[in-house]
Amino acid sequence: MKCTSCNQREATIAFTRIAGDDKQVLHLCASCAERIARQEKGTGQELGEAPAQGAPKATPAGPAEGGQQAPPKTPAGTETPAGTEAPAGSEADKPPIKKVSVVVGHLSRSDTVAPCPECGMTYEEFRKVGRFGCARCYGAFGPHLQRLLKRVHGATRHTGKSPAGSGSTPHSTAAPPAVAAAPPEELGRLRQELEKAVAAEAYERAAELRDRISQLQAEDTDRI
Amino acid sequence: MKLQAMIQTAPSWLSGADDADGIVVSCRARLARNLTAHPFGAKATPAHREQVVAEVLGAAKQSRQMGSASFYSMDMLDSDDRRVLVERHLISPALADSGGHSGVLFNSDESLSVMINEEDHLRLQAMCPGRRARVAWSAASALDDELNAAVGCAYDEALGYLTACPTNTGTGLRMSVLIHLPGLVLTEDMERVLQGLNQLSFAVRGVYGEGTNAAGNLFQISNQVTLGRSEEQLVDDLTGIIRQLVEYERDAQENLLGEARPQVEDKVWRAFGLLSQARVLSSQEFMNLLSAVRLGVSLKFVEKVPTSFLNHLMIITQPSHLQARAGAHLEPQERDIQRADLVRRQLSEVVA
């Protein structure tokens, strides 16, 4: 899903702003998250609103006062105390802004993937159940499947038979078309060698081959 | 009890053919397919499932290989009948336990079967006796081609056949072998063999019994990877594994003979004696005794007892088969008595 602030880049951060009883969660890209967190730190203003007129900037409190610090982009779940007091001189009848905390977390893949347009299965559902709902789920969950398939099969491209007489694919998986996996012949050959080495109990040689196979598979992952 | 007639005959894959060493019982090729037009698994409603059944049956009727096949809807079978089909390896326990709107289609010698609405819309299975895995693959592939021509199967050029579970994506092919390895178990080499197989991405499980504690020393070994290797490569992989395992087992048996011939003979003939004379036999005990006799056949101690006989005995002594034969529900104790009785009679006929 797109960042709710710039609506251009992909959202990867769950930006939770808690002010007293109010909790606000924004899905932001990394740049907007950084910018907004800096604003939050600098002005203490409400997110998404224009700065209140005449409001003095709350100065960042020093370490002695235990005030705000911490970089805007923090590891998932780290709290960034931004404890600012209400800007004085804002609308008199507005209740004072209570102590504000900002929690920055990384959005899990489940939150960023749209459900399957055909059967409605969500990525989270799939992760829980381990089964797809229909053929179109493959296309809907596209790139996220590459990692899973790599882990399960050590490969991401089909090299076997196709339905008799099939030409075009009814379902696009949205996988990056330019990805070239390590030539299957090479991996196949190495696997055969590994088999022979194990059979001959040449375990050192087998370990070398296994490492080479892992390396080739890792190189594939990097390309994806 | 609808399956009375069926339990009298032995499936063709138990014939003992292509198994000169008496080690490899059978090979199986299983293909997972789904129809493009319908959801699968949890997203399929009963109406969807019924449509899938109708379409698949329609396609099968037109096919050369399944044109005169029998269809059994799970809705029409009681739990005992379903277990009979599980015992004959025609359906999985999952299909037997499924809620309905599912079924199985199989030909008269039970070499070809199609489960409908198990985890995938279609699970094609071809079984053949002995060690020639390619025979099973060719049969399954031919049926696959015929059915594909009649119904659209979900397929993607990049990812292959689209299955409900990503562990089957790609070829959707599981090649497996049912193999008897008493020598390796007795020489305590089985652990090492299992580790080697796991490293090569093969799954090993006891066909009867839990996990690696395989009752009767019978193991089912199958590929885990279905994507990135072609069907031909998967067949070659399994054939290679079979060749190696038979070699290892022959070596283990020779070692046993070399070091402990009298003890091995004793084990074999005691087992034969018990099978010939016991009045009560539990499943577990029967499988272990059967394994010792099968080893005796493999070592050429025991003549007159063909492996086809042992294979068939293995099937018909199972709980639901015994009940079907008796035409009544049997308590476990009664089953153990009936098992002993059946084995005694059958064995006496064969050695007479």
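Note on naming: letters A, B, ... go to the chains in the order of the sequence lines (proteins, then strands), and numbering restarts at 1 for each one.
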T226(B), part contacting chain A, at a heavy-atom distance under 4.5 Å | both
Residue pair Q233(B) / R191(A), side-chain heavy-atom distance below 4.5 Å | no
Is the shortest distance from a Lys or Arg side-chain nitrogen in K161(A) or D144(B) to a carboxylate oxygen in the other one below 4.0 Å?
-> yes
L162(B) versus F132(A): any side-chain heavy-atom pair under 4.5 Å?
-> no
Please determine, among N34(B), L35(B), T163(B), the option with the most heavy-atom pairs under 4.5 Å with chain A.
-> T163(B)
Shortest non-hydrogen contact from H158(A) toward E231(B) = CE1-OE2, 4.2 Å
With sequence neighbours excluded, tell me which residues meet salt bridge (Lys or Arg N to Asp or Glu O under 4.0 Å) with R132(B).
-> D18(B)
All heavy atoms of A155(A) vs all of G228(B), minimum pair found to be CB-CA, 3.7 Å
Answer yes or no: is there a side-chain heavy-atom contact under 4.5 Å between L149(A) and L159(B)?
-> yes
Would you say V225(B) and H153(A) make side-chain contact, with heavy atoms under 4.5 Å?
-> yes
Contact part of L200(B) toward chain A, heavy-atom cut-off under 4.5 Å: side chain, backbone, both or neither?
-> side chain
Identify which of S230(B), P166(B), C165(B), P39(B) forms the greatest number of heavy-atom pairs closer than 4.5 Å to chain A.
-> P166(B)
Excluding sequence neighbours, so at least two apart, what forms side chain to side chain contact (heavy atoms under 4.5 Å, CB included) with A164(B)?
-> R131(A), F40(B), E119(B), D120(B)
Identify which part of E118(A) has an atom lying under 4.5 Å from any heavy atom of chain B, answering side chain, backbone, both or neither.
-> neither
